[in-house]
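Notes follow the structure.
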Amino acid sequence: MNDHQNEPFDELMRRALSEEADRIEPADALPEIRARAHAQRRPAARRPWLLTVGAAAVGTAAAIGAFAVFNGNQNSANDGDAVAGPGTTTTATGVPSVKSPATTAAPSALPTAATLPPSTGPAPTVVRTERGKPEQAVKSALVPVYWLGNRTGTQAGADPTPTVKAKAVKLYRTWAKVSGRPAEQAVRIMTSKGPSDPDYYTVWRGAEVNAVTRTDGVVTVDFKELPAASLDPDVADVAAQQLIYTVQGALHTSTEPVQITRQGRAGAMLFGQIDTSTPLGRAQAADVQALVWIDSPADGETTASPVTIQGTANAFEATVNYQVTNLKTRKTSKSVVNTKEGQKFSPFLIELKLTPGPYQIDAYLISAADGTISDSDSKSIIVK
């Protein structure tokens, strides 16, 4: 992905997704999905979009992106880069990739943030680490960046009042076109920029990245300052994975662990929960990634009809539900679409012929066990 600054955004996206698919080993998620479908406690959809469609119109105006995302907004590469992960093989042309769908990487033998219990004893020793080799700068690259998002639940078909059943924090992915050192710029976006989608957020505010280097199979992300936020263990774990997925994606790897340092020293407690004295491995995608999200169009994007909706889902029986709401007339239509494969992260594609106006597009999964919405993602767009 070097030296392609004059290539169209779609071509950069296609190359990024193709390279990402090549490096990922698919894993069968059927056991995990079956367990989730029959669990007593149901996770539920992350947005209360059935509660108030009108409020989404306000979100449309406020959701203009601060960096280059999937819709092709041309940011200065030095404003940041975003990164990849094991999520999808969707192409930017609206045609699913012929390569194997990207799913979760094999479990790492190294500790993830989830396997490290919260510290109750003395603070870990802060040790200076050796600086590795910096990544190569590029003229142009397209890389994904990960954000946090909350899942909330609604009762399927229970307009207009949602039933909130549970909340959980998951990773959602967007894309950015960048130049410079991709992983370093990706972290800079994640820590200092804001996502175009108002439903996504980051807890890395206040962190200042210094450099991203590699040595002996370990990626080191050195910060001038780490975020000061203190989080509960579950959120801290996913927030740590936000950095890991972002950095590994930009570097086209899913196996190299990430060592977090502050001013060259390892061992600081991240978010008050995570010991950074040793490198952190990548968690399974099904444990930390949202199970459905919309890749394109971006939130707040203006587009022409027909509208191509591209997304990724880890769906039981490959079934993704979607809802299209005209925010002016309040007319709503619902249907279903299939992912390329079920029980693993796989792309889906929807073609919509829409009249001009403001719309909200919702993609969501419904539990086979109790009919509740278990996961969702939404985008507000303008059709011209």
Side-chain angles (χ1 to χ4, degrees), residues 9-10 13 45-73 82 87-88 90-92 94 144-152 154 170-176 193-201 289-313 315 320-337 339 347-365 373 375-384:
F9 190 83
D10 283 0
M13 174 66 77
R46 119 184 137 77
R47 290 181 181 75
W49 49 266
L50 294 176
L51 175 62
T52 169
V53 173
V58 178
T60 302
I64 303 302
F67 54 93
V69 291
F70 193 96
N71 63 350
N73 295 337
T88 181
T90 329
T91 69
V145 65
Y146 286 85
W147 306 95
L148 303 185
N150 293 328
R151 299 162 64 196
T152 58
T154 61
K170 295 294 182 180
L171 298 179
Y172 291 81
R173 187 184 64 192
T174 59
W175 295 86
K193 303 292 181 179
S196 63
D197 191 321
D199 295 307
Y200 303 161
Y201 63 95
Q289 285 189 169
L291 297 182
V292 61
W293 69 72
I294 297 171
D295 282 306
S296 175
D299 199 89
E301 181 177 347
T302 297
T303 184
S305 184
V307 180
T308 299
I309 310 297
Q310 297 179 102
T312 302
V320 177
N321 295 262
Y322 66 91
Q323 174 173 295
V324 181
T325 302
N326 185 309
L327 298 176
K328 184 177 181 179
T329 66
R330 303 300 179 92
K331 181 180 179 180
T332 295
S333 60
K334 298 180 180 180
S335 189
V336 297
V337 67
T339 58
F348 63 87
L349 181 72
I350 306 167
E351 294 281 355
L352 300 172
K353 292 184 178 180
L354 302 175
T355 58
Y359 289 85
Q360 177 165 308
I361 313 297
D362 297 278
Y364 56 99
L365 307 182
I373 296 174
D375 296 85
S376 75
D377 193 21
S378 68
K379 302 296 179 187
S380 296
I381 63 171
I382 303 293
V383 177
K384 61 182 179 180

Closest approach of [X] to [Y] (non-hydrogen atoms, all atoms of both residues):
X: V292; Y: A313; answer: CG2-CB, 3.9 Å
X: V383; Y: A304; answer: CG1-C, 4.5 Å
X: K328; Y: N326; answer: N-OD1, 2.8 Å
X: Q289; Y: K170; answer: O-CD, 3.8 Å
X: S305; Y: L352; answer: OG-O, 3.9 Å
X: E301; Y: A298; answer: OE1-N, 2.9 Å

Quick one: list whatever passes side-chain contact (heavy atoms from CB on, under 4.5 Å) with P356, sequence neighbours left out.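 With neighbours one apart ignored, the set is empty.
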Partners passing side-chain contact (heavy atoms from CB on, under 4.5 Å) against K331 (at least two apart in sequence or in another chain):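 Result, side-chain contact (heavy atoms from CB on, under 4.5 Å) vs K331: T329.
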What's the separation between atom [atom1] in [X] and atom [atom2] in [Y], rounded to the nearest 0.5 Å?
X: K384; Y: T303; atom1: NZ; atom2: OG1; value: 7.0 Å
X: I294; Y: D362; atom1: CD1; atom2: CG; value: 7.0 Å
X: T312; Y: L291; atom1: OG1; atom2: CG; value: 11.5 Å
X: D199; Y: K379; atom1: CG; atom2: NZ; value: 8.0 Å
X: D299; Y: D197; atom1: CG; atom2: CG; value: 4.5 Å
X: T174; Y: Y146; atom1: OG1; atom2: OH; value: 9.5 Å

Are I309 and Y322 side-chain neighbours, meaning at least one heavy-atom pair lies under 4.5 Å? no
Does the side chain of L349 reach to within under 4.5 Å of the side chain of V337, using non-hydrogen atoms?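 SC-SC contact between L349 and V337 ruled out.
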Side chain to side chain donor-acceptor pair (under 3.5 Å) partners for T355, two or more places apart: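 Listed in chain order: Y359.
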Parallel under 30°, tilted from 30 to 60°, perpendicular over 60°: which one fits the rings of Y172 and Y200?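 The rings of Y172 and Y200 lie parallel, inter-plane angle below 30°.
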